[in-house]
Amino acid sequence: MAGDGLPRIAVVGAGIFARTQYIPRLREIAHLVLLKTIWSRTKESAEAAAELARDFAPEIQPRWGDAGLEEIMGDASISAVAVVLAGQVQVDLSLKMLKAGKHVIQATMEAETALSVYNSFPNQFPYKPIWALAENYRFEPAFVESRKLMSDIGDMMNIQVIVEGSMNSSNPYFNSSWRRNFVGGFILDMGVHFIAGLRMMVGSEIATVSSISRHVDKALPPPDNICSLFQLENGCAGVFVFAVNSRTPKILWRVDGTRGTVQIERGIASGKHGYQVLFTNENGQCQTTFYPFCGVNEELKAFVHDIVQANKDGDHKAEPRSSYVEGARDVAVLEAMLESSAKQGTMVQVKKF
């Protein structure tokens, strides 16, 4: 912990997401955490990203290459690291940082092997480093509030998750090479967020899936379309329909119950991007509330709070919504869907964590 009481954080990665999301979000919570270092593979990229943060982190140090990573791991003043790298390398790097005693926040992850490595860490620190999940829809207020409304719709009858994405050549992530060389491609990379929203909303785990996936748009890596029938542990069934690129972009989650319906739909209101939550009661009256996107802010605040607590009492864990186990459960659902599709729609049990 720094002398001024603020924990110091390093951002490992200086790509689009680090520059457009992490740096602005860290600027907004500069009263809670100090951005000490930003790392990239090249000196030029690290220095350019550091300049973007200089206004709120005047002492920021760019680091690059293997030597830069070693410096971050060996810097006792850095208590936490945000790993914002390609999917194929970020888990290995996160585990290295955790082994060095750093708390870590990162996005999607490969599940089983990484979890077993993390769980096998010896207790070489006063606390077990926190491993938190980023880009996490469980922190979006729309899902938090919708979860509360579920008790008002009676027994769940059916669920629909419909994602008509807009991943085309005008999207900055379209040519991202790691997503194109990633098993599951954009279906897995984007899909974990929609599954996270679904699991948060319904409050019951997905037990089984049966899916068909296809490769229709050859400009995208395979598969680019998936249709899945799933069943929750509580018996309720639903459909998950996802097209990576559609002419009619639309994203919605809808749960129909015996006494009403809750629906979350991505949209824009007053120039702000966010979610419209529609709650219809048994009398047919519909109440609509708009919640702007702010999940990245909320999860970073929770992460900072958790590392401050861990440094104080040595026994604190990640906020349950950002636990690495939740990320593993999201990935397990998508992996089961892709496995089912490879078996021509055979029903597959979702792995439990």
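Note: Y324 and W131 have parallel aromatic rings, judged against thresholds of 30 and 60 degrees for the angle between ring planes. The aromatic rings of F194 and W253 sit tilted relative to each other, their planes meeting at an angle between 30° and 60°.
In this structure, CD1 in I38 is found 13.0 Å from CH2 in W64, a value given to the nearest 0.5 Å. Rounded to the nearest 0.5 Å, atoms OH (Y22) and CG (L300) are 6.0 Å apart. Between the CG atom of L220 and the CG atom of N245 there is a distance of 6.0 Å, given to the nearest 0.5 Å. Atom CD of E205 sits about 10.5 Å away from atom CG of N234, to the nearest 0.5 Å. Taking NZ of K352 as the start and CZ of R329 as the end, the distance is 10.0 Å to the nearest 0.5 Å. In this structure, CD in E28 is found 12.5 Å from CD1 in I23, a value given to the nearest 0.5 Å.
A donor-acceptor distance shorter than 3.5 angstrom exists from the side chain of W39 to the backbone of G65, with no hydrogens or angles considered. Under a 3.5 Å cut-off, the side chain of R63 and the backbone N or O of I72 do not form any donor-acceptor pair. Without hydrogens or angle criteria, R138 side chain to G197 main chain gives no donor-acceptor distance under 3.5 Å. H103 places no side-chain N or O within 3.5 Å of a backbone atom of P129 that could act as its donor or acceptor partner. At least one donor-acceptor pair under 3.5 Å links the side chain of T258 to the backbone N or O of D155. Looking only at distances, a side-chain donor or acceptor of K218 sits under 3.5 Å from a matching main-chain atom of H215. A side-chain donor-acceptor contact under 3.5 Å links D306 to the backbone of E319. Using modelled atom types, no side-chain atom of E326 and backbone atom of L133 make a donor-acceptor pair closer than 3.5 Å.
Relative to the six-membered ring of F139, R321 meets both conditions, a distance below 6.0 Å and an angle of at most 45° to the axis.
Contact between T261 and I153 at its shortest, heavy atoms only, is N-CG2, 3.7 Å. The two residues V304 and P7 make their nearest non-hydrogen contact at CG1-CG, 4.1 Å.
Within 6.0 Å of CE on M150 lie more than 12 heavy atoms contributed by other residues, nucleotides or ligands.
The side-chain heavy atoms of R19 and L52, taken from C-beta on, include a pair separated by under 4.5 Å. Contact of the V81 side chain with the V12 side chain is registered, since non-hydrogen atoms from C-beta on lie closer than 4.5 Å. Between I195 and L334, the closest side-chain pair of non-hydrogen atoms falls below 4.5 Å. Annotation: side chain of L93 is in contact with side chain of L69 (closest heavy-atom distance under 4.5 Å). The shortest distance between side-chain heavy atoms of Y137 and M201 does not fall below 4.5 Å.
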Checklist entry - ring-ring contact (aromatic ring centres under 6.0 Å, His included) between F143 and Y275: does it pass, once the steps are laid out? => result CA-CA 9 Å; F143 290 94; Y275 298 98; 5.4 Å; yes
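Note on E164 versus R247: no salt bridge recorded, every NZ/NE/NH1/NH2 to OD/OE distance being 4.0 Å or above. For the pair R259 and D152, the salt-bridge criterion is not met [side-chain N within less than 4.0 Å of a carboxylate O]. In this structure, D55 pairs ionically with R27, as a charged nitrogen and a carboxylate oxygen lie closer than 4.0 Å. Between K36 and E59 there is no salt bridge, since none of the side-chain N atoms of the basic residue sits less than 4.0 Å from a carboxylate O of the acidic one.
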Would you mind writing out the side-chain donor-acceptor pairs for residues 336-344 within the sub-3.5 Å range, not counting sequence neighbours?
from, atom 1, to, atom 2, distance (Å)
E339, OE2, K343, NZ, 2.8
S340, OG, S211, N, 2.8
S340, OG, T346, O, 2.7
S341, OG, S213, N, 2.8
S341, OG, S213, OG, 2.6

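Taking P292 as the reference, K272, F290 meet the side-chain contact (heavy atoms from CB on, under 4.5 Å) condition, with sequence neighbours excluded. Applying the salt bridge (Lys or Arg N to Asp or Glu O under 4.0 Å) test to R254 and every residue at least two apart in sequence or in another chain returns nothing.
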